[in-house]
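Take a look at the structure below.
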Amino acid sequence: AQQTPTADQLVKGKHAKLIVLSQRPIVLETPFDLLASQPERTPKELLYVRNNVDLPGYNTVEGAGLEGWTLEVGGLVDKPFTVEAKELLALPQHEVTMVLQCSGNGRSLYQPRPSGNPWGRGGVGNVTFRGVRLKDLLAAKGAKPTEKALFITAHASRQGNAAEFVRSVPIHALEEALLALSMNGEPLPAVHGGPVRLVFPGYFGVNNVKWVAKVEFTEGENTTAEQMPRYRVPTIPNTHLPFLPQEPGGRYPYTFANSRPNWLVNVNSFIFAPLEGQTVEGPYVRVEGVAFNDGIVPIVSVEVSTNGGRTWHQATLERTGRSYGWVRWRTTLYLRPGEHQVMARAWDAAGRSQPLDGNLAWNERGYEYNGVMRVKFTVA
Ligand code: MSS
């Protein structure tokens, strides 16, 4: 029988305990206890990997050479241009800490199980990217998107015969779009898109195109598979319904008109302590975790419940204000010896929160799960 290679064998420098969801393309999930062990920032050894398309030779957490890498900027822009990646080093650098989360994160919590990689909750991390803002590059080159440009469409490199990987996001994302050259203060790991990745803070993982080779301003969304029918959820367009609930297990005839892409990250929170199945000392029990949204408005509260959601108790947020990174929260509960279940639910300033029953958002590919997390543990 063939042995499944471990994560560190598939990607040099990754923690051996990352869960191999797929070898080709490479998909590695961060075990939840390891994610929780680094509540401030997710180190490169632990950060999940999701490739739809592998780039041959880029399976390492080491940086990738800038030499010879070029970026083409075109489409609906008054002055298309090509730039050498190393020229980016001479432009003003900007830093952003953001949640990088696969839109399939939490998929295995949907019932029945949708198609796709069976992510638990470990397809996520909190990382700091540094690089050049796309708008600063445009300004430096004296180029402007035309009025017809409604989307930014990014293409990954096809070197080594890689299949195409293309994603489009709304032009609004130009405000924060960053051509990232480093992550967590080190050269951007090759497996995470080095030497250059176009990141969109507040947007789901899929939109953050690794190994970016071409950026186009376009009138419409791209029509390749990663934009349609994949990475979308059913909705009623031009309404503010976040998703159109489906009969779990059913099929949906995705079109541009009856669905929307996995763009903005929805409100979510995770409980990092206690962990599922743990036994902790009582009666005072520290409960903590993280919460995040799309960064457009602040997270304003996280509440926890130990009675199945009948009553809720406010946790303390580590900081306030808008953020693309996650915010830590904590509280102390008084609990009797025995078994308990704690739930956590985040709210943002726009009144957006998480469904108690995450299955409400069931969709056939299992995207955008943000149901309230429940953890069972024992107080000694
Ligand atoms: N990019 C490219 N180039 N390719 C691929 O495949 N994928 C996606 C992004 N980008 C890709 C890209 C996805 S899908 C995700 S999540 C992300 O990425 C991840 O990241 P990392 O770094 O972690 O690996 Mo889902 O929504």
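Indexing begins at 1, ligand by ligand and atom by atom, following the structure's order. As a basis for the values below, the full set of heavy atoms in this structure was taken, side chains included, without hydrogen atoms, waters or symmetry mates.
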Can you confirm if the NZ or CZ of R230 lies within 45° of the ring axis of Y254 and under 6.0 Å from the centre of its six-membered ring? no
Could you tell me if R345 sits above the aromatic ring of W312, with its cationic atom closer than 6.0 Å to the ring centre and no more than 45 degrees from the axis? yes
Quick check for you: to the nearest 0.5 Å, what is the distance between R167 atom CZ and N208 atom CG? 10.0 Å
Is it the case that the side chain of K79 and the backbone of K141 share a donor-acceptor pair, with hydrogens and angles ignored and the cut-off at 3.5 Å? yes
E40 vs R328, test: salt bridge (Lys or Arg N to Asp or Glu O under 4.0 Å). Steps then yes/no. CA-CA 8 Å; E40 210 52 65; R328 297 179 66 179; 2.9 Å; yes
Less than 4.0 Å from some atom of ligand 1, heavy atoms are found in residues Y48, V49, R50, N51, N52, V53, L100, C102, S103, A156, F165, H192, R197, G205, V206, N208, V209, K210, W211, Y231
Linking I/L/V/M/F/W/Y whenever any side-chain heavy atoms sit under 4.5 Å apart, do Y48 and L109 land together? no
